[in-house]
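Taking it in order: structure first as structure tokens, then the write-up.
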Amino acid sequence: MLRIENGMVLTRDPEHPWYNDGSVVIEGERILQVGQRQEMRTAYPQAEIIDARGGLIMPALINVHHHIYSALSRGLSIRGYAPKDFNDILAGMWWRLDSCLTNEDSRISALVTAVDCIKNGVTTIFDHHASYGQTKDSLFVLAEALRGAGLRCCLCYETSDRHGPAQAKQAIEENAAFIQYCRRQKDDGLQGMMGLHASFTLSPATLEQAVASADGAGLHIHVAEGPVDEEDCLAKYGRRVVRRLADWGALSAKTIAVHGVFLDDEEIALLRDHQAIVAHNPESNMGNAVGCPPVMRMMDQGVLCGLGTDGYTGDMLESYKVANLLHKLALGDCNAAWQEAPQMLFYNNPQIAARFFSMPLGVLRPGAAADIIVLDYQPITPMNADNADAHLLFGANGRCVQTTMAGGRILMKDRQLIDLDEEQIASQARRQAMGLWSRIND
């Protein structure tokens with residue numbers, strides 16, 4: 001039994017949202033009780049203590065769209081790469097990278113990502129993988145690394161016809177095999193989905209086979225990230241992307257539609273009516289210069305929108321800040337996203353996770369998963385449940401995280417990783433990256 005105490009507790013539980021001097025008691029994988037420090041000390045005197053040192057105790061964070069395969073691209077320079085638009089970025093950078101990735105590259109990428117997530121207080125990730133240099137068993141390699149590190153993960157492989165029908169078929173088979181493996185394991189911290197790249201790289205035959213092979217596990221697909229997705233769909237099929245997906249039975253409460261930059265009102269209504277999820281990735285949209293998706297309108301119309309990073313960063317608090325700014329700028333409205341940005345990260349991401357993981361995440365209450373972080377945050381103005389989101393927006397980032405726990409397992413304490421050797425992993429990653437970069441540029 002553990003007791004985290006000596007700190008402010010932000011629970012995200014509407015019944016008991018805040019304790020100025022609180023404590024969280026953990027037994028096994030779950031939270032046993034939350035309350036005032038002295039009360040918890042009296043009730044559970046035998047518990048081992050984790051001292052928050054006056055910091056902020058809160059639920060660990062969730063990332064609903066990540067790309068582990070991009071981890072070894074940091075600092076990469078590709079010979080002749082001079083993109084003029086989003087299509088060039090895809091073909092010149094990411095598709096060249098994924099066509100060279102081996103399972104060992106993927107394993108190291110997963111370990112690097114695990115370190116990054118833990119240090120930024122993220123304990124659950126939905127990853128969208130691609131490694132056409134070696135597709136078979138790649139999801140299993142990721143799963144072994146991530147679960148070994150203590151993280152919860154929902155994984156899929158990016159099915160696409162861009163490398164031909166044979167490799168698209170292999171991608172579907174990798175997804176299907178992993179989905180069935182997860183079901184046999186009965187490990188709530190490990191889930192699988194059917195991954196799809198985007199409509200414009202999916203033939204009718206591949207889309208049909210992928211939807212059938214998902215077997216109810218859900219679909220994770222990029223939707224209208226760039227204009228080419230809608231243009232291609234209209235030219236080939238006489239309809240927009242979301243309508244095409246709906247016609248093929250690809251929309252459900254377990255569909256994660258990523259980006260949605262160029263969605264129109266009909267597509268937004270279709271997503272809402274099918275209870276589909278939209279994953280918003282503000283830094284990526286800005287970096288690729290594709291624009292700002294109509295997330296404020298989507299949320300206003302009842303679409304469940306969550307926050308991801310698209311591989312851009314492991315720091316969800318950073319993405320929270322960027323989302324807040326992007327929509328203000330795009331809409332010319334200084335009041336935009338004040339409520340929607342925290343809603344996505346702190347409330348919608350846990351709602352999305354609840355569709356795939358059975359244990360409650362994103363909240364500190366009895367029976368919920370003991371996924372907890374402690375931030376070294378000393379407020380310089382009064383802090384409470386009503387203004388905590390503003391404190392996090394303007395005063396905190398991932399580097400404030402001092403302690404990270406997932407399922408009652410301490411992954412980092414006082415900024416020191418417990419089970420992962422960060423220096424060794426970084427050294428391995430540098431060596432692995434050199435080989436990968438050489439293959440890309442050969």
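By the 6.0 Å contact criterion, CZ on R53 is open, its count of non-hydrogen atoms from other residues, nucleotides or ligands being 12 or less. Counted within 6.0 Å of NZ on K328, heavy atoms from surrounding residues, nucleotides or ligands total more than 12; the atom is thus considered enclosed. Other residues, nucleotides and ligands place no more than 12 heavy atoms under 6.0 Å from the CD atom of E144.
The shortest heavy-atom contact between E225 and S284 is OE2-OG, 4.2 Å.
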Q: Might you work through the side chain to side chain contact (heavy atoms under 4.5 Å, CB included) test for H327 and H280, ending with a clear yes or no?
A: CA-CA 12 Å; H327 295 281; H280 177 37; 2.9 Å; yes
Q.
Test ring pair (Phe, Tyr, Trp, His ring centres under 6.0 Å) on H129 and H67; report intermediate values, then the result.
A. CA-CA 6 Å; H129 182 63; H67 282 304; 9.2 Å; no
**Q.** Verdict with reasoning, L263 to M298, per side chain to side chain contact (heavy atoms under 4.5 Å, CB included)
**A.** CA-CA 9 Å; L263 297 179; M298 286 190 243; 4.1 Å; yes
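For R96, there are no side-chain hydrogen bond (donor to acceptor under 3.5 Å, both in side chains) partners two or more places apart in sequence or in a different chain.
A donor-acceptor distance shorter than 3.5 angstrom exists from the side chain of Q134 to the backbone of N103, with no hydrogens or angles considered. A donor-acceptor pair is defined here as one N or O able to donate and one able to accept, closer than 3.5 Å; no such pair exists between the side chain of S438 and the backbone of M434.
Considering I352, V278, V64, V295 in turn, V295 is the only one that fulfils the side chain to side chain contact (heavy atoms under 4.5 Å, CB included) rule with M344. Just one of N175, T135, D127 meets the side-chain hydrogen bond (donor to acceptor under 3.5 Å, both in side chains) condition when paired with Y157; it is T135. Shown are D187, T123, D371; of these, the side-chain hydrogen bond (donor to acceptor under 3.5 Å, both in side chains) with R152 is made only by D371.
The aromatic rings of W338 and F394 are tilted relative to each other, their planes meeting at an angle between 30° and 60°. Aromatic ring orientation, Y132 versus H163: tilted (interplanar angle from 30° to 60°).
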